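Computed from a predicted structure; not experimentally measured. Here is how names work: the chains are called A, B, and so on, in the same order as the sequence lines, proteins then strands, and each is numbered from 1.
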Number of protein chains: 2
Amino acid sequence: MKLFLSTYNYKIDKKGRISLPASFRSCISEKKSTEIILFKSFKYKVIEGCSYSRIENISKRIEQLDIFSDEQDDFLTSIFSELQYVKLDSEGRFTIPDDLKEYANINNEVTFIGLGHSFQLSEPKFAIQRQNESRSRNLEQKRTLKTNLSKNKNEYSD
Amino acid sequence: MKLFLSTYNYKIDKKGRISLPASFRSCISEKKSTEIILFKSFKYKVIEGCSYSRIENISKRIEQLDIFSDEQDDFLTSIFSELQYVKLDSEGRFTIPDDLKEYANINNEVTFIGLGHSFQLSEPKFAIQRQNESRSRNLEQKRTLKTNLSKNKNEYSD
DNA sequence: TGGGAATTTATGGGCGTCAATGGGAAATTT
DNA sequence: AAATTTCCCATTGACGCCCATAAATTCCCA
């Protein structure tokens, strides 16, 4: 599976439809999938999205690995119950469910943010704010970043 | 994987296209890849580039961080959302996204600088300036060159 | 080893396709 | 029937694909 990358700004049309960025479509189209999964981010007032296969993987990890405390498990369970299937039309567009739209303060415009195996949908101004925040937090903690990135260097050929 | 080496000066044509140096193409063509990844350098007003497989490796490292930790979250947001897929045409050319062009003050001409596992795209005059600076810094620190090489390796690995 | 042939590279331009967006008509629902 | 959803078609600008060419590079063979 290709990774969800980059940032896109799209408009919601009068009928409430919005295009999933073409590069995102190719991230979920292994079996010409016409569905995505959307849910409320538990951290921020944004919508989280991913492919169905991602949900399957997370589910397996929770079952097999015992690394989650009861508390976290409950947390995850509550997230799963909020997952929604969302269909894409023949042009690759979809409609954001009302409750999610409200949760993320989304009106006419949406910013898609790629996060590797998932993506976020958010109100454009809030998206910029979040990107700035995480960038500056990363810069402040530069040393942690370097250590982590170079630690496993030898495992990879490039 | 072959390393990105050397320096090249290429022109942007009327349609906004520019050739990826042939030697760079052979660095990403493991599976006849026709995509590169571009993003704003964290350090300078230049564009950074690499192969997709390099991003996959970084992704794997980030995945090893705790799920839902602020650390992982900030990495995902600040790194992946800033990366852009850029396709090469059948002649090995690509178009530099407008926001990156603006960030690096690029107009008609571009200097490619090989950096081993990645490369940089910059405004030609700025490229010369940067090369002079780093050359003189290296001369000043001649005695500690060996030590610095291993240290710098990590700095440039992202 | 030299020098011409074949290939590759950097660059140019035409044109068809696709992406993002808009809107109407048919199908479904209440 | 009114409202919502699904399917189909339209538009515009950007981009991919194709073909072309001149310069540079590599290859080959005498």
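Taking atom OH of A:Tyr8 as the reference point, atom C1' of C:dT21 lies 17 Å away to the nearest angstrom. Rounded to whole Å, atom P of D:dT11 lies 20 Å from atom NZ of A:Lys11. Residue B:Leu88 contributes atom CG, which lies 16 Å from atom C1' of C:dT11 at whole-angstrom precision. Atom NZ of A:Lys14 is separated from atom P of D:dT4 by 16 Å (rounded to the nearest Å). Look at CZ on A:Arg93: it is 13 Å from P on D:dC8, rounded to the nearest Å. Rounded to an integer number of Å, the gap from A:Ile18 CD1 to C:dG22 P is 11 Å. Counting to the nearest Å, the P atom of C:dT17 and the NZ atom of B:Lys87 are 16 Å from each other. Atoms CG (A:Asp89) and P (C:dG22) sit 13 Å apart, rounded to a whole Å.
A close approach under 4.0 Å does not occur between any side-chain nitrogen or oxygen of B:Lys15 and OP1 or OP2 of C:dG13. Dashed line: the shortest gap from a side-chain N or O of A:Arg25 to OP1 or OP2 of C:dA20 is under 4.0 Å.
Side-chain to base pairing of B:Glu91 with D:dC17: no donor and acceptor N or O lie closer than 3.5 Å to each other.
Side-chain atoms of A:Tyr103 come within 3.5 Å of backbone atoms of A:Ser41 as a donor-acceptor pair (strictly under, hydrogens ignored).
Contact annotation for A:Asp13: backbone-only contact, meaning every heavy-atom pair under 4.0 Å involves sugar-phosphate atoms and none involves a base.
With salt bridges taken as basic N to acidic carboxylate O contacts below 4.0 Å, one links A:Arg135 and B:Glu82.
Taking the centre of each ring, A:Tyr85 and A:Tyr52 come in below the 6.0 Å mark.
The side chain of B:Arg17 sits closest to C:dG12 out of C:dG12, D:dC7, C:dA20.
Within the cation-pi definition used here (under 6.0 Å to the ring centroid, within 45° of the axis), B:Arg17 does not qualify as a partner of B:Phe94.
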